[in-house]
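Note that the structure is predicted; figures quoted are calculated from it, not measured. In what follows, chains are A, B, ... by sequence order, proteins preceding strands, each numbered from 1.
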Amino acid sequence: MVHYNLKRITVVPTGKDFVDIVLSRTQRQTPTVIHKSYAINRIRQFYMRKVKYTQATFDEKLGTIIDEFPQLDDIHPFYGDLMNVLYDRDHYKLALGQLRTAKRLVEKICKDYVKLLKYGDSLYRCKQLKKAALGRMCTLMKRVGPSLAYLEQVRQHMARLPSIDPNTRTILICGYPNVGKSSFINKITRADVDVQPYAFTTKSLFVGHTDYKYLRWQVIDTPGILDHPLEDRNTIEMLSITALAHIRAAVLFFVDVSGSCGYSIAQQAALFNSIRPLFDNKPLLVVCSKIDLQSLESLPEEDRQLIMEMKKEASKCSGGIASEMMVEDDDCLLTMSTLTEEGVINVKNTACEKLLQHRVEGKMKSKKLEDVRNRIHVAMPRPRDTRERPPVIPAGVLEARAAAAPRAPRRLEKDLENENGGAGVYSANLRRRYILADESWKEDVVPEIADGHNIADFIDTDILKRLDELDREEHQREEGESEEEDMDDDEFRKLSPEEQEALAAIRLARRNIREEHRLKKTTADSRPMVPRKHDKDKRFTVSRMERHLSNLGIDPSAAAARARSKSRGRKRDRSLGYDEEAGVEAMDVEQPKSKKLRMKSRTRSQSRASMEVVPGEGFKDSAQKQQALALGKKAMKKRSTGKTDRR
Amino acid sequence: MRLEKCWFCSSTIYPGHGMMYVRNDAKIFRFCRSKCHKNFKMKRNPRKVKWTKIYRKLHGKELPQDTTFELERKRNRPERYDRNVVEDTVKAMKKISETREEREAQTLANRMRGKKTQQRREDLAELQQGIHLVKAPTALLEEPSLTLPKEKMKVKVSVEQESKAMES
């Protein structure tokens, strides 16, 4: 659980980036439009929302960081110590604590400014308050900047730590620098650790995995340890010490018998003795490496003595039966060479065996095993006699198996298809298997639609019966109908043709009145309100009046005469008129009277033809004006009857 | 292949015409043309739209319910094909549609009964009221019939000519 989380911590942004992220998010996710003419409540809410949102974002982001970074007290002591060694426990705790404080302070700022914003009285003031709030939060972040940078580095380094499971089967390799630890791990696992002639090539822990007895084993390679007291150890050495201290593993202590690492066997023995306390309760193996350069037998006496002592200590250390019986365990000392690969596998196997035994002993001693063992019981039936009892198969099945006659192949549709031309050519007759009362009906062409109805809607087995009922109903209805013929012609008589003519004329007259009214009804835009001249289209002539009156059935002569006389002069013509009545002609009779009278009457100048249309009022010539007038009249006319009238 | 009915105007939808709309509650609406579809989208009630069959039936303009309508019914259980039944059905369909048409004509006649009387009465009233537009009251006094007056101007012209002839 812990190790995979270490690799998946979210990126910690720098102080500046943090501020940028939060502010841009606030700007994107909150409304942006505000105007000073809005209601004050709305303005206040707008700015409060911004402040709260920023605080919430800070909260969220800081919260994730704080949660995701592991608490040193909550993880396995191996990791805790490892991180202490690498990142300094105090610094780490301080950094996280600072972030927590920052979160709390941001919350406080938000609360204070929201309280102030509730009483902001103008847009400007609210805006300033919001600016102040956000500004304070951002300066806070700036102060926290170095912690963020530190945590980012920690995160990056932590992600690259090897994923060591402290609880599973592990083999730990330790010893002086350059003794051949990394070459060994390269040999038994797929780990590709750097092997170089200089000391401290391996600067951190490396993990490899190997198999033994169908189980997975972790092999941990440590950087070399030098012999000096704990306080003087540097970070890299502390890594190996931590690993030794916390992981319950089989320890392989490597001794370079050839001395090509640069350290004598005496020095290595001294180191062994100084870190012996770390080997408590761990199966220990002393491995003499680089045997190809210097064999064990050809060693000088003191060195051999030292090694033997180490072996004795090792066998004591690993505990178990050997130490109790104070018997020297031969297994504790092994020789190998990575160059010639002699003894490498042997070392691995021995180490694994020892660890397995150790773990099994441990489990056997614990109480849990007893509980489990008490509940398990394997039962085997006890044979009561020597009779054989094989499994039973019924005789029928046996016979069937023996017979196993193959069935005759059926003629499938597929075969039919293949015979008649294949997939694209043959189309199967789907009606072949129809079950009908009469076989000859299979190929019937069935109509589906007739006269705008679906035949399927009418199909009924007793359709004939229904039809009979229908016929009966029809008969009844027809009888009823013949009684009901009513004569409604007598109430009001028909109109005679002349009356009909009169009616048509009335309707025409009404329509004309309506049309004229609509034409007259005008706005100032379409035509002038006051015509330029009274009756310039010459509609009010006497002949017209005569015609109109006669249509109405009145004799127009009196009215016409009066109209004409009114338009003539008074003085001269009055005597004329008088004389005419008396029957005496006072003037000369060259011209007929009517013509004279007409000449004298004061009509308008006859310079223009009455039907001539004068261009003006925006028209370019008479033709256009005439067209316009005609269109106008047509627009007002009653349109021909369309669909709606026919209904 | 089936002839469907338009949901809005109840006219038949032939194959290759119209549109079908399936709502989220799996109810299917078929329209014969975009006019009905657009009216539907406007959420108009066909019972209130004058030109639909539903309106006409509801407001008594057409035969609302009849045994002929019940004979035509969508059957969900398919019947086994029987040639005689289908033949009889086709013949019956013709008879049924004939009777339906007769009945609809009868309803129309019933509806239109009394129209002639009303029309005549209205014409007479209009004539009486509007005769003053085409015949002057004096002319009406002389000739009280509700007909167009005789033209008077022609008579006047002939008299003038006579007088002229007399003078010269």
Going from NZ on Lys61(B) to OH on Tyr55(B), what distance comes out if it is rounded to the nearest 0.5 angstrom? 5.5 Å
Closest-packed option against chain A by number of heavy-atom pairs under 4.5 Å, given Thr12(B), Thr67(B), Val85(B): Thr67(B)
Among Ile131(B), Asn84(B), Thr68(B), Val86(B), residue most engaged with chain A (heavy-atom pairs, under 4.5 Å): Ile131(B)
Does Arg103(B) pair with Glu473(A) as a salt bridge, N-O distance under 4.0 Å? yes
Would you find a donor on one side and an acceptor on the other, under 3.5 Å apart, between the side chain of Asp444(A) and the backbone of Val446(A)? no
Val134(B) portion near chain A, given a 4.5 angstrom heavy-atom threshold: both
Pair Asn110(B), Gln106(B): side-chain N/O donor-acceptor within cut-off below 3.5 Å: yes
Cut-off 4.5 Å, heavy atoms of chain A, and the answer for Leu140(B) is neither
Looking at chain A, which one of Glu126(B), Lys74(B), Lys135(B) has the largest number of heavy-atom pairs inside 4.5 Å, strictly under? Glu126(B)
Part of Arg80(B) lying under 4.5 Å from any heavy atom of chain A: side chain
Does Asp457(A) pair with Arg75(B) as a salt bridge, N-O distance under 4.0 Å? no
Ring-face cation contact, Phe29(B) with Lys27(B), 6.0 Å cut, 45° max: yes
Which atoms of Ile463(A) come close to chain B, meaning under 4.5 Å heavy atom to heavy atom: side chain ones, backbone ones, both, or neither? side chain
Pair Lys53(B) + Glu62(B): basic N to acidic O under 4.0 Å: yes
Asp460(A) versus chain B, heavy atoms under 4.5 Å apart: side chain, backbone, both or neither? both
Pair Asp123(B) + Arg507(A): basic N to acidic O under 4.0 Å: yes
Proximity breakdown for Glu79(B) and chain A, heavy-atom pairs closer than 4.5 Å: side chain
What do you reckon, is NZ of Lys633(A) surrounded by more than 12 foreign heavy atoms closer than 6.0 Å? no
So which part of Ile455(A) gets closer than 4.5 Å to some heavy atom of chain B, the side chain, the backbone, both or neither? both
Proximal component of Ile459(A), with respect to chain B [non-hydrogen, under 4.5 Å]: both
When only pairs under 4.5 Å are counted, which of Leu3(B), Leu133(B), Leu148(B), Thr147(B) shares the most heavy-atom pairs with chain A? Leu3(B)
Is Ile449(A) in contact with chain B via its backbone, its side chain, both, or neither, using a 4.5 Å heavy-atom distance? side chain
Non-hydrogen atoms of chain B under 4.5 Å away: do they reach the side chain of Ile513(A), the backbone, both or neither? side chain
Select one option (side chain, backbone, both, neither) describing which atoms of Glu102(B) are under 4.5 Å from chain A's heavy atoms. both
Taking atom CG of Asn39(B) and atom CZ of Arg33(B), what is their separation to the nearest 0.5 Å? 9.0 Å
